[in-house]
Amino acid sequence: MSSSIPPAISNLPSTSYHHPIATVPSGSTKLNPYLPIPQASGSTTVLFTNPTFLSSVPSASLKRTVVQVIDAEEVVTPRAARSLSLISRSAQEAYDHSLLALRLAQDEDALVYHFIAAGLDGSVQQVEDAESWLSGALSSPVLANGESNGDVADELLTAYEATCLSLLKLTRRAQPPFGYTKSESSKLIVNFLPHSIEAENVLDVILAIPAPKEKLRSSLSGVQEVVVVEGGNGKFGPGWASVVDALEGAEVNIRSVLVGGNVASSEITSALSASTPIARLGKPASHSIPSSSVAVPSPESKYTDLLTSSPSPLEILNDPSHLAANESTSPLYAFGKAVALRKERARLIELAKKVLKASNTGKDVHEALSAWLLVRDEKDAASAGKKVEEVLGAGNSEDEKEIVQLGSKGHWEKRALWIVISNSWAVDLASSGLHHALASGLDINLLVYETASSPFSPNAPAQPPKERKKDLALYALNMGDVYVASVAIYADYAGVINAMREAENYSGPGLVLAYLPWGDKEDGEAVSKKENAGALERLRETKRAVSGGWWPMFRWNPSLADDKRFTLDSSYIKAALSEFLDRESHLSQLTLAQPAIDSSVTSSVGTDLVAARKEKARKAYDALLNSLDGPGLLVLYASDGGNAEKVAKRLVSRAKMRGVGASLRVLDEIASSIVDSLAEEKNVLILTSTAGQGEAPQNGREFYKALSKLPASDKLAETKVTVFGMGDSHYWPRPEDAGYYNKPAKDIFPRVLGLGCAELCPLGLGDDSDPDGYMTGYKPFEASLWRALGVDNVEVIEEKEETVANEHIKIASDYLRGTILEGLADKSTGAIGPSDAQLTKFHGTYMQDDRDIRESLKAQGLEPAYSFMIRVRLPAGVCTADQWLHMDRISDEHGNGTFKLTTRQTFQFHGIVKSHLKPAMQAINRSLLDTIAACGDVNRNVQCCVNPAFSKTHETVYNFAVGISEHLLPSTNAYHEIWLDKKKVYGDATQNFSADHEPLYGPYYLPRKFKIAVAVPPDNAVDVFTNDVGFIAIVENDTVLGYNVSVGGGMGVTHGNKKTYPRLGDVLGFLSPEDGNKVAESIMLVQRDYGNRQDRKNARLKYTVDRLGVAKFKELVEERWGKKFGEARPYTFSNNLDKYGWAQGHDGKHHFTMFIENGRIEDSSRHQFKSGLQEIAKIHKGNFRLTANQHLILSDVATEDLDEIKRLLSKWGLDNIDHSGVRLSSSACVAFPTCGLAMAESERYLPLLIDKVEKICEEAGVRNDDLVMRMTGCPNGCARPWAAEVAFVGKAPGSYMMMLGGSHDGTRLNKPFIESATEPEILAVLKPMIKRWALERNDGERFGDWTVRAGYIKPTTHGTNFWENGFPDAQQAVQAGQAITA
């Protein structure tokens, strides 16, 4: 290389470093190999290196850096995301490209590799004011053809072209991406070598990465063959790959010539003319980094000399002078070596014991091995091992041969393994090597240098972040089984020797923190404007640090007796003792527990202080109060469903009982000040649930996002953190989705530790799929937390777990009043209080928010778009035409312009803001309807079959259902006080109320919701067995003789919690119609008195029935009723669907059942339900009947009105029932965007899924066959999915649990088939299944029955075995199906 090149390049403005290369640029700082390149703030960093040291550059995370590769031999690809590679083959190019590289690294925040060929000659013309060009704006605009569309390579190419154009204007020298020596030839040579080659038609690449694809393609005119020449020894080089990518689709042959070391130009010329696809020339180039190139500062020898003077065998694993070729000084690499060595010695011991036990082992071998095992960890181990070798010789068995082999490696004697951590030559990135070594439990020792000056030094610079090693002591002490020493050779020479020998003798990990101020500087180097480094200066600085208490000297040996473990070596401890004892670290806990510190602590320490602390700690434990010395604990939680919040609150309560100063906050509350908030605490627990696809809960997402952007901070040195996560390992069954399980907790924990916090106790994970749910993992985690806080021995009497909050709310609500009126009057928010939000359910309304815009509003600092859902109480689902018009008008004036026909035969309004809530309630009451008890822990809307074909019995059954609804209605005046101004509205009449009383419910109401339905066989459209109570009409000659009564149905389930399950009701017996109200009341009272009020997930009547047993439950009902049930009468159900079209009743009136997809009354591109039904209601003289499948019956149409009604139905397309069987049989709940419980789409998505399923059915020839398909956004089961033939229950956006095997008549539950399925998986499963059903079914055999017979799924015979044999392996299910049909 020309001698003019390095000075010219080094004169360019930058912060530069150099590896130990031959030609050292002026003004640069030496950098040892393997060390990270310091990133200069505000300027571009330059590293001068050569091919020997290039492999040691950790390039993956580099930005705004230029690596100048002097005497380059081949082009190496950088690993950084934003990177470029330039090649210079002349002295002038080397200078110009260096200038170009600086500008690109600076502007694009990129890593630029600049490969400069060897042996360059010639003068260099330099730019006079390079700094102005680098700091000024580019004089050339970004080129129009540089649109990148987010592609990094395109962005960098665009920036390269713009920078080259600007540099051209500055230097008048063009900077093309390649140099092209064109000649008439069908062969194009693309040269990636740093030097030129002798050939025709050569394209010398300058911009190697990213390759200029378009310019390469433009060089193909007349070319039939492209030969890529580059350095390397792999199968293909990176240059060849980029050319192939650039020329994709071009009709040319592409060959590769890979050039190794010491290749003559004639060999390259010969390879170019050959025809082989790949030619490899020369030997592979390899570079070994010489150990002499790693410079260890001489001041460190003060410690290493003592270390190597150890009387026992010792090895410093990352000592540069003993490293083999290409070994690294990295502590993490050294830890890997240590693990291998310890495993080999453990293997030797294992083999020795095995040979001893072998029956064919000779006496002399037995004696030699026994002798060695006895002294294997002592001084005589080596000589004993030599005797073993003499006896074994070459070895007679494989085990003996392996013993000889391992012994020859030096494992006869135990070596003390040391790893040195030094900022000068062995940097431990993110303390990864240290953490792994200490956490491994292996017998490995670490010597860590602290070279910073103390805060008391007159020459002390600001403490560099992430480099304060003194705090590693606390981190190690918290582990409990680590030997820890803090020493200073200029203060206590003997203490250093003691610490090193004790660490070597301790059987486990050891950490020795060594204070060596300015240890990274050689003697004579300046440490300030006034002082230079030297022995005297280091002595003075050490005295300042130790006497000031900044560097406490101590030794902690866990192997010693309790009263000998802690030894304090400082002559003056002052603040140091206080600091360590007050941190609630492992050290402080032990000192508080046994305050008789080692006798080396002089009386000047303050004996009174120690005694006072001891007495204070004793009193704190005795009184079980939060003492002044009690540990503090901040609990941060993130929870969507409230379960994690409940656990966090309970933990805080338990912590306080143990004397812990515990407090509670929401995780997002500290998102804007994470470091400062954590730094204020000594102990922190983060408790988070898991949402969606491994996402953080809503009130933890801001913290989650902010955490990933934070650098480490020494402010957190005294903060210890642990994390507990709550998730479900079976929530995502696919192997590729396994990482979603407890992902927030698993992500947060290492990130928080990476900020600089210490570990309080290991990460804990609760799994809902465990036998006891999350508690399986939580119980041991909580125990480890108490141990870490030092309060595990505190005996406390645990309070009995409190009943659920809902029970407290109901009791304290004054018969459902709460503070609802005050919440409605509060105009500062669109919400009401959490307690009132529970109480308003009893009044028929839920608070919700628009989840479609929740995130965007949160990003703007706004509260969610709160609104309310109102549900009408509409017994049996019958309303007049005038009431229909009222509902239509309410949806426009107070709601979102639509309303919903629900699966419980009533109306539901969405999008009602708080200011419209009371007016909407009053409007509903003015229509002579109400909303009381439409939701909440009371009897809800009573359902009834409304099939006009049974119109003779319909009036009887309808009156029966209305009678039960009125009989079980709550009696509280609260509803009328709050919504109707203390008056009950009947048109223009009003009625005042007397005092409250609840003769049926009492002040506690029911443990959970209570649902009743009445069915008229053979029609089971209400799915009567899915209700808590079912009345099955027994009809003879159009007369209702009475009702069979079923109990114990219910749909609600919790994902992953197999203690929850859907259930169909059991029939208790028969009763007469006049006993209906009393029996319904008696069943409800048993549930009121025996239902589970501790756990709302197990509070429904179905669990009460299973807990008591059907016989006992029946007995309790009869006891309250005062009568006995008769024998159940026979009945038959044929289906659970609606019969669409026209039908005529016994009275001559006509009824039309219309299809309302998923019950949504709206005008859309698919349907005009709202406008059409509004026009019909204006002239209709009969009633509207809502079905339990979310459809609508236009009933009681007189013959004279029939034509006009038909005309209007046709006008609005409401008479269209020509849909597929699967669409007519489908049903979906609301889900997104309003339901707060939804985990996935339902109402908005099911029609789109059915579009695709319909095509499958049409192809199979079963388009018109009914197939009951239901979907819900969560497992609460509003659309009764568990009783469908095919069902999908949302688990996460786009992911559903799939069920199969339900019956078509509502008498058999389905069973889980796929735990988590996406749309492609759903369609892939259904397509062959539906085709087989079409071909193989028996006459009239429904799909659900066929899937059971075909072996795809086992039948669910009772709710308690719903989960049994669920989620069968897909292959097993298919094979079973094939076996059945074979």
Side-chain angles (χ1 to χ4, degrees), residues 478 480 581-586 588-595 613-639 642-667 669 678 680-689 719-726 759-766 772-809 811-812 1093-1095:
N478 282 323
L581 298 186
D582 289 342
R583 281 186 182 174
E584 269 79 26
S585 65
H586 195 129
S588 71
Q589 293 164 24
L590 288 165
T591 305
L592 287 172
Q594 46 198 31
R613 288 184 178 278
K614 178 181 179 181
E615 179 65 15
K616 193 187 298 180
R618 186 188 66 76
K619 289 181 178 179
Y621 280 105
D622 291 344
L624 296 178
L625 297 172
N626 288 325
S627 72
L628 294 175
D629 281 337
L633 177 67
L634 171 63
V635 178
L636 299 165
Y637 72 86
S639 174
N643 204 24
E645 179 180 0
K646 177 183 176 182
V647 174
K649 290 179 178 177
R650 184 178 60 195
L651 184 139
V652 168
S653 175
R654 291 178 174 178
K656 290 179 178 178
M657 295 173 64
R658 286 168 169 79
V660 177
S663 58
L664 183 71
R665 295 182 70 181
V666 176
L667 194 55
E669 290 181 8
L678 295 181
E680 294 175 357
E681 306 294 332
K682 295 184 178 180
N683 302 297
V684 178
L685 164 63
I686 298 174
L687 201 153
T688 177
S689 59
T719 301
K720 290 176 283 185
V721 178
T722 188
V723 177
F724 184 82
M726 300 173 66
E759 180 182 293
L760 179 58
C761 63
L763 171 70
L765 299 176
D772 291 323
Y774 75 89
M775 289 299 293
T776 302
Y778 178 76
K779 289 178 181 177
F781 172 82
E782 187 178 282
S784 69
L785 176 64
W786 303 145
R787 285 195 299 271
L789 294 173
V791 295
D792 51 319
N793 292 325
V794 180
E795 295 182 3
V796 298
I797 300 175
E798 291 278 1
E799 291 182 357
K800 187 177 180 181
E801 187 172 346
E802 294 182 348
T803 56
V804 294
N806 296 66
E807 295 301 314
H808 289 158
I809 293 170
I811 294 169
R1093 293 181 183 269
Q1094 299 293 324
D1095 183 1

Applying side-chain contact (heavy atoms from CB on, under 4.5 Å) to Val791 and Val660, what does each step give before you reach the verdict? CA-CA 8 Å; Val791 295; Val660 177; 4.0 Å; yes
If I take atom [atom1] from residue [X] and atom [atom2] from residue [Y], how far apart are they, to the nearest 0.5 angstrom?
X	Y	atom1	atom2	result
Leu636	Thr688	CG	OG1	10.5 Å
Ser784	Leu789	OG	CG	9.5 Å
Leu678	Lys720	CG	NZ	14.5 Å
Met726	Ser639	CE	OG	7.5 Å

Using modelled atom types only, decide if a donor and an acceptor are shared between the side chain of [X] and the backbone of [Y] within a distance under 3.5 Å.
X	Y	answer
Thr719	Glu681	yes
Asn683	Gly632	yes
Ser663	Leu634	no

What heavy-atom pair brings Ala662 and Lys656 nearest, and what distance separates the two atoms?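 For Ala662 and Lys656, the tightest heavy-atom pair comes out as O-CE, 3.1 Å.
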Looking at every heavy atom in both Ala648 and Val635, which two are closest together, and how far apart are they?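 For Ala648 versus Val635, the nearest heavy atoms are CB-CG1, 4.0 Å.
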Is there a side-chain contact between Tyr637 and Val666 (heavy atoms, below 4.5 Å)?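 Yes - at least one pair of side-chain heavy atoms lies under 4.5 Å apart.
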Can you confirm whether Val721 sits close enough to Leu760 that some side-chain heavy atom of one is under 4.5 Å from a side-chain heavy atom of the other?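 Sidechains of Leu760 and Val721: no contact.
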Is there a salt bridge (charged side-chain N to carboxylate O under 4.0 Å, His left out) between Arg654 and Glu782? Walk through the geometry before answering. CA-CA 10 Å; Arg654 291 178 174 178; Glu782 187 178 282; 3.4 Å; yes
Checking side-chain contact (heavy atoms from CB on, under 4.5 Å) against Leu633, which of Val652, Val684, Leu785 comes through?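 Of all the options given, the one that passes is Leu785.
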How far apart are the C-alpha atoms of Asp792 and Arg658, what are their side-chain angles, what is the distance that settles it, and do they pass the side-chain contact (heavy atoms from CB on, under 4.5 Å) test? CA-CA 8 Å; Asp792 51 319; Arg658 286 168 169 79; over 6 Å; no
When the ring planes of Tyr778 and Phe724 are compared, do they come out parallel, tilted or perpendicular, using 30° and 60° as the limits?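 Perpendicular: the ring planes of Tyr778 and Phe724 meet at over 60°.
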Decide side-chain contact (heavy atoms from CB on, under 4.5 Å) for Thr722 and Leu763; before the verdict, give the C-alpha distance in whole Å, the side-chain angles of both, and the deciding distance to 0.1 Å. CA-CA 6 Å; Thr722 188; Leu763 171 70; 5.9 Å; no
Residues in salt bridge (Lys or Arg N to Asp or Glu O under 4.0 Å) with Lys649, at least two apart?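 Testing Lys649 for salt bridge (Lys or Arg N to Asp or Glu O under 4.0 Å), a comparison that skips the adjacent residues, returns Glu645.
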Yes or no on side-chain contact (heavy atoms from CB on, under 4.5 Å) for Phe781 and Cys761, after CA distance, side-chain angles and deciding distance? CA-CA 8 Å; Phe781 172 82; Cys761 63; 3.9 Å; yes
